[in-house]
Amino acid sequence: MKKIKITIKRYDGEKSWNQEYEIDYEKGRTVLWSLTTIREKLDSTLVFSSACQHGICGSCAIKINGKTVLVCQTPLDSMLDLFKTDRLNYEPMSHFEVIRDLAVAWEPKMEKMKKVNPWLIPSEAGTKENGFLQSADDFQKISSATDCILCGICASECNQLEVNDGTFLDPFIFNKAYRFAVDSRDRASEDHVHPAYENELWKCLHCMQCVSNCPKHIDLTDEISALRNMSMKMGETKNQGARHARAFYEDTWKKGQLNETMLPIKTDGLLKTAATKVPFALRMMKTGKINPLELQKPVNGIKGVRELYDYAEEVEQSES
């Protein structure tokens, strides 16, 4: 009978080590089955989390060969096929405090989540007795965001959390900020948006790992972009990220392309650019990437570009 070798990163609260197990292969099983088999037949001390077994509670996420998944809905065969091997490595999620073995602590994350006030701040349009009326269109604005099951996969896969000093909020926390900021029944969007802005909203790397790995297919990067747009409308326009976005917007509207010579100046200011970007700019000039003496002309079809801008603004106004 075919065998599968599974190495699990163990932790007992003081020390960590890798431990290898060997189980019989059975076609059509899930990764959760492999963990349960190990605990029931080989090692009763193994600790991992699971509850619903249907991809609803979000409690069973771990890393398999570096990829974070919900083990209850991930076929074991898909992992063996993906990595072309009969050896798998199981680890706890990244960017979480490990309690024991594959189980992680959520309390620190929940404390961070409180920063964005992840609850409804009710408007005067409804009452406790009668509730709130919400149109189908308004519900659709929050429908995807409410699908979040707090599994933590987006945080485990987040590249910014890999390098950040701890001030950047986890993607699922930005999701909560967005979910209540756009809710038609909430009267204080700024109470959700400003805390997101103050906690490194503009430092998202757009690596898309949160989107591509989310088991509920929530477009977290779109939500972060929306929060940035809302923060700018609330007056937060003097930060580096907002200036960078404005430069993109204006350059494309005027010429249909970026002015890469002026982009660093518009983003960081003349003095900072001169102090930090000159060597880089000289290298770009040497390779022909930029020519500071060249006057940009509008691209062919600039009228169409501006029509797209107008259309996008009309859509935004109709949805607001």
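Counting begins at 1 with the first residue of the sequence. Computed from a prediction, not measured in an experiment: that's the story for all the values here.
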Exercise. Does the pair E20 and R87 meet the rule for a salt bridge (Lys or Arg N to Asp or Glu O under 4.0 Å), with working shown?
Worked result: CA-CA 10 Å; E20 185 177 282; R87 292 175 176 267; 3.4 Å; yes

Problem set entry | Residue pair N229, S231: steps toward the side-chain hydrogen bond (donor to acceptor under 3.5 Å, both in side chains) verdict | CA-CA 5 Å; N229 190 31; S231 74; over 6 Å; no

Problem set entry | Audit row: Y25, D77, side-chain hydrogen bond (donor to acceptor under 3.5 Å, both in side chains) steps and yes/no | CA-CA 9 Å; Y25 167 78; D77 291 329; 2.7 Å; yes

Exercise. Could you walk me through whether K63 and S94 pass the side-chain hydrogen bond (donor to acceptor under 3.5 Å, both in side chains) check?
Worked result: CA-CA 8 Å; K63 293 178 70 175; S94 297; 2.8 Å; yes

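In this structure, W106 and F172 have tilted ring planes: the angle between them lies in the 30° to 60° band.
Every residue meeting the side chain to side chain contact (heavy atoms under 4.5 Å, CB included) condition with T45, not counting sequence neighbours, appears here in chain and number order: R10, D43, R100. Listed by chain and residue number, T167, F168, K203 satisfy the side chain to side chain contact (heavy atoms under 4.5 Å, CB included) test with E200 (two or more places apart in sequence, or in another chain). The side chain to side chain contact (heavy atoms under 4.5 Å, CB included) search around L205 returns N159, Q160, not counting sequence neighbours. Not counting sequence neighbours, F139 has no partner by the ring pair (Phe, Tyr, Trp, His ring centres under 6.0 Å) test. Residues that satisfy the side chain to side chain donor-acceptor pair (under 3.5 Å) test with K67, not counting sequence neighbours, are N213.
The cationic atom of R246 (NZ for Lys, CZ for Arg) lies less than 6.0 Å from the six-membered ring centre of Y249 and within 45° of the ring axis.
Connection of L102 to I149 is not established within any shared hydrophobic cluster, with ILVMFWY side chains joined at heavy-atom distances below 4.5 Å, either directly or through further cluster members. Under a hydrophobic clustering in which Ile, Leu, Val, Met, Phe, Trp and Tyr are joined whenever their side-chain heavy atoms come within less than 4.5 Å, directly or via other members, F174 and I218 fall into different clusters. The same ILVMFWY cluster, assembled from side-chain heavy atoms under 4.5 Å apart, contains both I62 and L46. V69 and L161 fall into different hydrophobic clusters, where Ile, Leu, Val, Met, Phe, Trp and Tyr residues are linked whenever their side-chain heavy atoms come under 4.5 Å apart, directly or through other members. M93 and M110 fall within a single hydrophobic cluster, where Ile, Leu, Val, Met, Phe, Trp and Tyr are joined by side-chain heavy atoms under 4.5 Å apart, directly or via other members.
N117 places a side-chain N or O within 3.5 Å of a backbone atom of D191 that can act as its donor or acceptor partner. With hydrogens and angles disregarded, a donor-acceptor distance shorter than 3.5 Å links the side chain of N65 to the backbone of N89. In this structure, the side chain of S123 does not engage the main chain of R187 through any donor-acceptor pair within 3.5 Å. The backbone N or O of V47 sits nowhere less than 3.5 Å from a side-chain atom of R39 that would complete a donor-acceptor pair.
For N300, the CG atom sits in a loose shell: 12 or fewer heavy atoms of surrounding residues, nucleotides or ligands are nearer than 6.0 Å. Surrounding NZ of K9 are at most 12 heavy atoms belonging to other residues, nucleotides or ligands under 6.0 Å away. By the 6.0 Å contact criterion, NZ on K297 is open, its count of non-hydrogen atoms from other residues, nucleotides or ligands being 12 or less. Counting non-hydrogen atoms of neighbouring residues, nucleotides and ligands closer than 6.0 angstrom, the NZ atom of K238 reaches no more than 12 such neighbours.
Across all their heavy atoms, I6 and I38 have their closest contact at CD1-CD1, 4.2 Å. What you find for V299 and G256 is that their closest heavy atoms are CG2-CA, 3.8 Å.
Within the 4.5 Å cutoff, the side chain of S34 has no heavy atoms near those of the I4 side chain. You'll find the side chain of S184 stays beyond 4.5 Å of the side chain of S135, heavy atoms only. Using a 4.5 Å cut-off on side-chain heavy atoms (C-beta onward), S144 and D219 make no contact.
Between K112 and D170, at least one side-chain nitrogen of the basic residue sits less than 4.0 Å from a carboxylate oxygen of the acidic one, meeting the salt-bridge criterion. Classification of D183 and R179 as a salt-bridged pair holds, one side-chain N sitting under 4.0 Å from a carboxylate O.
In this structure, CG in L80 is found 5.0 Å from CG in L88, a value given to the nearest 0.5 Å. The distance from atom CZ of F132 to atom OG1 of T127, rounded to the nearest 0.5 Å, is 7.5 Å. For the atom pair W33 CH2 and Q53 CD, the distance stands at 14.0 Å (nearest 0.5 Å). Taking CD of E223 as the reference point, atom CG of N175 lies at 4.5 Å (rounded to 0.5 Å). Atom-to-atom distance recorded for Q134:CD and I142:CD1 is 4.5 Å, nearest 0.5 angstrom. Between atom OG of residue S225 and atom OH of residue Y178 there is a gap of 10.5 Å, rounded to the nearest 0.5 Å.
Through direct or indirect side-chain contacts shorter than 4.5 Å among Ile, Leu, Val, Met, Phe, Trp and Tyr, W119 is connected to I121.
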